[in-house]
There are 2 protein chains.
Amino acid sequence: MITVAIAEDHQALIDGIQSYLEYEDDITIVGHANDGEQLLELVEKRPPNIVLCDIRMPKVDGIAAAKMIQNKFPQTKVVAFTMFDQEEAIRQMLDAGAVGYILKNSSLKVVLEAIRTIAEGKTYFDKKIHLPSAEKNKSKSVLSSREKEILVLVGRGRTSHEIADELFIGKSTVDTHRKNMIRKLGLSGAGELLRYALEKKYDF
Amino acid sequence: MITVAIAEDHQALIDGIQSYLEYEDDITIVGHANDGEQLLELVEKRPPNIVLCDIRMPKVDGIAAAKMIQNKFPQTKVVAFTMFDQEEAIRQMLDAGAVGYILKNSSLKVVLEAIRTIAEGKTYFDKKIHLPSAEKNKSKSVLSSREKEILVLVGRGRTSHEIADELFIGKSTVDTHRKNMIRKLGLSGAGELLRYALEKKYDF
DNA sequence: TATAAAATACCCATGAATGGGGATTTTTGA
DNA sequence: TCAAAAATCCCCATTCATGGGTATTTTATA
């Protein structure tokens, strides 16, 4: 018997999956969560064999949740179940410990197949995704972690002065980070960094 | 027999709904579409009693599709089935001719109930939504159509000068529109109009 | 027809971001 | 250990948006 938990903020989709898997003799849905926090509580209380996990969820996102599950419950396998097909999204979920990746625009037949494959100890990747190559798996983002940190604050509309105050650094340091990001990202012109920050959020 | 079509870009959700409704004797899913264009073709070929229709879809969005269906096939009832719970989204779908509105974070039981209620000639609204009041139904957006036009261009990163050239008006006219929008929207500070333009896209 | 809103346009000043350049210190990884 | 990257910080200049104000003409609607 394969026990499965589902983390997905759309209850309609959870109901649909449950309905679809209802008569599968080897699979039981043991719980579902509408946000990342609930998921962690659910897994803590009763670790399932497999977690089907969205990425964009309230409270704790799928990437963070997968990391925590991997750390505390290595026997529980996380499968990403998401609309995001970008390599970076895939990479981040894999880095977080996911052993599978399925797109929501695939049929539920794919979900069923994934569950069974992963229960055998294998990995499962939706044929529609482009798996990041192994070498690239080692590469880092073009932006440094400090830059990313500042980019988030830029996206929130903070001025350089406000960011400087918040991070206990000089305003000119913030401006330099901005300049470096603009150069690395090949942007140019007023507001383009802000636009990038906003459009790339969850765009991986 | 109630015939139902589903327009939803996530195939997994379509499969789930089909599975859920599979054994309902009075309901038949007669087709599904992964984008607004497909939906219109499907309805043209075989007008169902009810269309379950997402808002954010590729090619033709749910609002536009609902309008077209209402015009050509007034017997076919459109039900919004979406994550958007904002009044403006609801208003636009209602204006487009929808007779129902269901949130994806509700259970599929709600979908079933809605289908049956609407098939009887009534309307159905998810208890979780806040229905726009009738008076407000007449009111317009706080921004004028010209302002909205300029806001779209702001969101694309155009400078006031570029917008002026594009619309054959003076740069100072564009700046005045910017100023008026900022005032009307109660914004303040650098980049806030751009942030608004980007964050409000599909935020209704 | 009269009024209000919308569209058009301008002046001026300031703040913030961007874009050119420079530099030193600290951290990381081969 | 050493070299490169990252983090820190600065100077200067320009552009662009915002924010204060003004005004006239056109359009829409009661």
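Predicted, not measured: the structure shown is a model, and the values here were computed from it. Hydrogens, waters and symmetry mates play no part in the numbers below; they use all other heavy atoms, side chains included. Below, chain A is the first sequence line, B the second, and so on; all start at residue 1.
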For atom CE of A:M181 and atom P of C:dT18, their distance in whole Å: 9 Å
Residue-phosphate contact under 4.0 Å: A:T173 side-chain N/O, D:dT8 OP1/OP2: no
Sugar-phosphate only, base, or nothing, as touched by B:S160 at under 4.0 Å among non-hydrogen atoms: sugar-phosphate
Closest listed nucleotide, where the reference is the side chain of A:T176 and the choices are C:dT8, D:dC10, C:dA7: D:dC10
Side-chain N or O of B:K184 closer than 4.0 Å to phosphate OP1/OP2 of C:dA6: yes
Rounded distance (Å) that lies between atom C1' of C:dA16 and atom CZ of B:R195: 15 Å
Protein-nucleotide distance (A:N180, atom CG; C:dA23, atom C1'), rounded to Å: 13 Å
Side-chain N or O of B:S172 closer than 4.0 Å to phosphate OP1/OP2 of C:dA9: no
Nucleotide C:dT8, atom P - distance to NZ of B:K171 in whole Å: 15 Å
Spacing between A:H177 atom NE2 and D:dT8 atom C1', to the nearest angstrom: 7 Å
Backbone of A:P47 reached by a side-chain donor or acceptor of A:T76 within 3.5 Å: no
Sugar-phosphate only, base, or nothing, as touched by B:H161 at under 4.0 Å among non-hydrogen atoms: nothing
Atom-pair distance (CD on B:E162; C1' on D:dA17), nearest Å: 13 Å
N/O (side chain, B:R183) to phosphate O (OP1/OP2, D:dG20) under 4.0 Å: no
Test item: A:V79 and A:V111 side chains (from C-beta on) under 4.5 Å apart, heavy atoms: no
Whole-Å distance separating the CZ atom of A:F168 from the P atom of D:dA7: 18 Å
B:I182, nearest nucleotide to its side chain (from D:dT18, D:dC9, C:dC10): D:dT18
Sugar-phosphate, base or nothing in reach of B:S144, heavy atoms under 4.0 Å: sugar-phosphate
Sugar-phosphate only, base, or nothing, as touched by B:L193 at under 4.0 Å among non-hydrogen atoms: sugar-phosphate
More than 12 heavy atoms from other groups under 6.0 Å of CD on A:E120: yes
Test log, rule salt bridge (Lys or Arg N to Asp or Glu O under 4.0 Å), inputs A:D175 and A:K179: CA-CA 6 Å; A:D175 288 339; A:K179 201 173 357 181; over 6 Å; no
Residue whose nearest DNA chain C nucleotide is more 5′ - A:K179 or A:R158: A:R158
Donor-acceptor pair, side chain of A:Q38 and main chain of A:N34, under 3.5 angstrom: yes
Between C1' of C:dA17 and CG of B:L194, the distance in whole Å: 12 Å
Side-chain N,O (A:R146) to OP1/OP2 (D:dA6) below 4.0 Å: no
Sugar-phosphate only, base, or nothing, as touched by B:T159 at under 4.0 Å among non-hydrogen atoms: sugar-phosphate
Any donor-acceptor N/O pair, A:R195 side chain to B:G155 backbone, under 3.5 Å: yes
